[in-house]
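Just so you know, these numbers use all the heavy atoms, side chains as well, and skip hydrogens, waters and symmetry mates.
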Amino acid sequence: MARKIKHLIKNLEKAGFINRGGKGSHGNFIHPKGIVITVSGKLGEDEKHYQEREVEIKIKRSKK
């Protein structure tokens, strides 16, 4: 069973990303180091594989 968008957002927030809001089903997140990511989809929708990979990459980059 696929994970949901809300899990991606929780992972971003745990890593220190701040939700800047967004328009419609898009959420914009920024890390204090200047790393930005946009996550599309409603909280209850299944995440896409590319979204999961992008979130993992941004979180790793924020830890450097």
Who are the side-chain contact (heavy atoms from CB on, under 4.5 Å) partners of Lys6, not counting sequence neighbours?
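Result, side-chain contact (heavy atoms from CB on, under 4.5 Å) vs Lys6: Lys4, Leu43.
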Quick one: CD on Gln51 to CG on Asp46, what's the gap to the nearest 0.5 Å?
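Here the rounded value is 10.0 Å.
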First locate atom OG of Ser40, then atom CD of Glu47, and finally report the distance between them rounded to the nearest 0.5 Å.
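The OG atom of Ser40 sits 11.5 Å away from the CD atom of Glu47.
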Sequence neighbours excluded, every pair satisfying ring-ring contact (aromatic ring centres under 6.0 Å, His included) that has a member inside residues 37-59
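For residues 37-59: none.
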What residue pairs, at least two apart or across chains, pass side chain to side chain donor-acceptor pair (under 3.5 Å) with a residue in residues 52-61?
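Qualifying pairs, neighbours excluded: none.
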Review item, side-chain donor-acceptor pairs of residues 15-37, under 3.5 Å, at least two apart:
from: Asn19; atom 1: OD1; to: Gly21; atom 2: N; distance (Å): 2.7
from: Asn28; atom 1: OD1; to: Thr38; atom 2: OG1; distance (Å): 2.8
from: Asn28; atom 1: ND2; to: Gly21; atom 2: O; distance (Å): 3.3
from: His31; atom 1: ND1; to: Lys33; atom 2: N; distance (Å): 3.1
from: His31; atom 1: NE2; to: Ala15; atom 2: O; distance (Å): 3.2
from: Lys33; atom 1: NZ; to: Ser62; atom 2: O; distance (Å): 2.8
from: Lys33; atom 1: NZ; to: Lys64; atom 2: O; distance (Å): 2.5

